[in-house]
Asks: 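Handing you a structure now.
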Amino acid sequence: MRIATWNVNSITARLPRLLAWLESSGTDVLCIQETKCAAEQFPYDQLRELGYEAAVNATGRWNGVAVISKAGLEDVVTGLPGGPEYEGVQEPRAVAATCGPVRVWSVYVPNGREVGHDHYHYKLQWFEALRQAVAEDAAAERPFAVLGDYNVAPTDDDVWDPTVFQGLTHVTPAERAALAGLRDAGLADVVPRPLKYDQPFTYWDYRELGFPKNKGMRIDLVYGNAPFTKAVGDAYVDREERKGKGASDHAPVVVDLEL
DNA sequence: ATGTCGGGGAAGCCCCGA
């Protein structure tokens, strides 16, 4: 079974590439982030033609997540139970589903904007709600993983130049402690292979030639429980998908499970 | 080869978010 996560930065803008990639990669389950469209505008029909069902949590121009699967789609949960609000709303940043033998969350963790910003505190609260939401599945026998754009680089090796990130979000001890909280809950970081260079970056800013200069970050993560990580045969970043016109600023992370 | 992109409201540019 091939399972993947990809921040597509607008499913509308990315649809031709998304459909082509689903076919060429043979992905069974894809966790999508930043759909940037209302659920009513979600391309259910085009995905169904390729054999995928979809569980969607999306409200409009910002955020939006989905799980698409051709391995079954059951027990959908939309949003983090008891999740925090930002400016009075629970932003659409999480959706869970069981896809055949595996249960997944697709998550788009709040960016945080700046250290100390209201959105940064929201980010930390959001992580705490996530930790509580996944505790039971993390401890269970069934393969389980939380896949998505975490907006946190787990270590200094996960950014192209740690000195550039001093004092910025994505690398602070509090954000990394939130990841440690997930590990304490029984989840482990499934680190993918890079297909080029040494570090498995998953995101390169559109600005200032980030991708050609490999000024990247590893912020799209797969955190799996022991039954999940035991089944991992391979994991890699499909950086080919970051190339060329019409690319997202994130590349898919692909995990092959022997299930 | 590549020095940003995407959405939306408004209006043919500007703002926001990343």
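By convention in this document, chain letters (A, B, ...) are assigned in the order of the sequence lines, proteins followed by strands, and residues within each chain are numbered from 1. FYI, side chains are in, hydrogens and waters are out, and symmetry mates aren't considered; it's all heavy atoms of this structure.
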Asks: Atom CG of A/D249 and atom P of B/dA18: how far apart are they, to the nearest Å?
Replies: 11 Å

Asks: Would you jot down, in residue-number order, the residues of residues 157-169 of chain A having a non-hydrogen atom under 4.0 Å from DNA chain B?
Replies: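 Close to the strand, none.
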
Asks: Using whole Å, report how far CG of A/N9 lies from P of B/dA18.
Replies: 11 Å

Asks: As an exercise, state the distance from CZ of A/R48 to CD of A/E53, rounded to the nearest 0.5 Å.
Replies: 9.0 Å

Asks: Which is more 5' along DNA chain B, the nucleotide nearest A/G60 or the one nearest A/H250? Just name the residue.
Replies: A/G60

Asks: Would you jot down, in residue-number order, the residues of residues 192-205 of chain A having a non-hydrogen atom under 4.0 Å from DNA chain B?
Replies: none

Asks: Counting heavy atoms from C-beta on, name the nucleotide in B/dT2, B/dG7, B/dA18 closest to the side chain of A/S10.
Replies: B/dG7

Asks: Check this for me: does any side-chain nitrogen of one of A/R93 and A/D149 sit under 4.0 Å from a carboxylate oxygen of the other?
Replies: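 No, this pair does not count.
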
Asks: Any chance you could measure A/Q46, atom CD, to A/I11, atom CD1, to the nearest 0.5 Å?
Replies: 9.0 Å

Asks: Please tell me if the side chains of A/W6 and A/E241 come closer than 4.5 Å, counting only heavy atoms from C-beta onward.
Replies: yes

Asks: Regarding A/D137 and A/R142, does a basic nitrogen lie under 4.0 Å from an acidic carboxylate oxygen?
Replies: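 Between A/R142 and A/D137 there is a salt bridge, with a charged N closer than 4.0 Å to a carboxylate O.
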
Asks: Using whole Å, report how far OH of A/Y86 lies from P of B/dG17.
Replies: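 The distance from OH of A/Y86 to P of B/dG17 comes to 8 Å, rounded to the nearest Å.
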
Asks: Between atom CG in A/N63 and atom P in B/dA18, what is the gap in whole Å?
Replies: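 Computing the A/N63:CG to B/dA18:P distance gives 7 Å.
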
Asks: I need the NZ-P distance between A/K215 and B/dG3, as an integer number of Å.
Replies: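 So the two atoms are 15 Å apart, to the nearest Å.
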
Asks: Mind calculating the distance between CZ (A/R61) and C1' (B/dG7) to the nearest angstrom?
Replies: 5 Å

Asks: Within the structure shown, what part of the strands sits under 4.0 Å from A/S248 by heavy-atom distance: base, sugar-phosphate, or nothing?
Replies: nothing

Asks: Is A/P194 close to A/Q199 at the side-chain level, that is, under 4.5 Å between some pair of heavy atoms?
Replies: no

Asks: For B/dA18 and A/R207 - does any side-chain N or O of the residue sit under 4.0 Å from the phosphate oxygens OP1/OP2?
Replies: no

Asks: Using the C1' atom in both, what is the distance from B/dG7 to B/dG3, to the nearest Å?
Replies: 23 Å

Asks: Verify whether the ring centers belonging to A/H119 and A/Y86 lie closer than 6.0 Å.
Replies: yes

Asks: In terms of side-chain heavy atoms of A/L209, which of B/dG6, B/dG3, B/dA18 is nearest?
Replies: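 Looking only at heavy atoms from C-beta outward on A/L209, the closest nucleotide is B/dG3.
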
Asks: Return the orientation label for the A/H250 and A/Y203 ring planes: parallel under 30°, perpendicular over 60°, tilted otherwise.
Replies: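 Tilted, since the angle between the ring planes falls between 30° and 60°.
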
Asks: Could you point out which residue of A/D189, A/D157, A/D156 forms a salt bridge (Lys or Arg N to Asp or Glu O under 4.0 Å) with A/R218?
Replies: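 Going through A/D189, A/D157, A/D156 one by one, the salt bridge (Lys or Arg N to Asp or Glu O under 4.0 Å) with A/R218 is satisfied by A/D189 alone.
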
Asks: Tell me the interatomic distance from A/K243, atom NZ, to B/dT4, atom P, rounded to whole angstroms.
Replies: 20 Å

Asks: Return the 5'-most residue of the pair A/D149, A/G246 with respect to DNA chain B, ranking by each residue's nearest nucleotide.
Replies: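 Its nearest nucleotide being more 5', the pick is A/G246.
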
Asks: Report yes if a side-chain nitrogen or oxygen of A/R14 is closer than 4.0 Å to either non-bridging phosphate oxygen (OP1 or OP2) of B/dG6; otherwise report no.
Replies: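 For A/R14, the contact criterion (side-chain N or O under 4.0 Å from OP1 or OP2 of B/dG6) is met.
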
Asks: Would you indicate which nucleotide in B/dC5, B/dG7, B/dG3 comes nearest to any side-chain atom of A/K213?
Replies: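 Out of B/dC5, B/dG7, B/dG3, the nucleotide with an atom closest to A/K213's side chain is B/dG3.
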
Asks: From B/dA18, B/dC5, B/dT2, pick the nucleotide closest to the side chain of A/P212?
Replies: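 Nearest listed nucleotide: B/dT2.
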
Asks: Among residues at least two apart in sequence or on other chains, which ones pass salt bridge (Lys or Arg N to Asp or Glu O under 4.0 Å) with A/D205?
Replies: A/R207

Asks: In whole angstrom, give the distance that lies between atom NZ of A/K36 and atom P of B/dC5.
Replies: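 Taking atom P of B/dC5 as the reference, NZ of A/K36 is at 13 Å.
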
Asks: What distance, rounded to whole Å, do you find between the two C1' atoms, one in B/dC16 and one in B/dA10?
Replies: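 Roughly 14 Å separates the two C1' atoms.
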
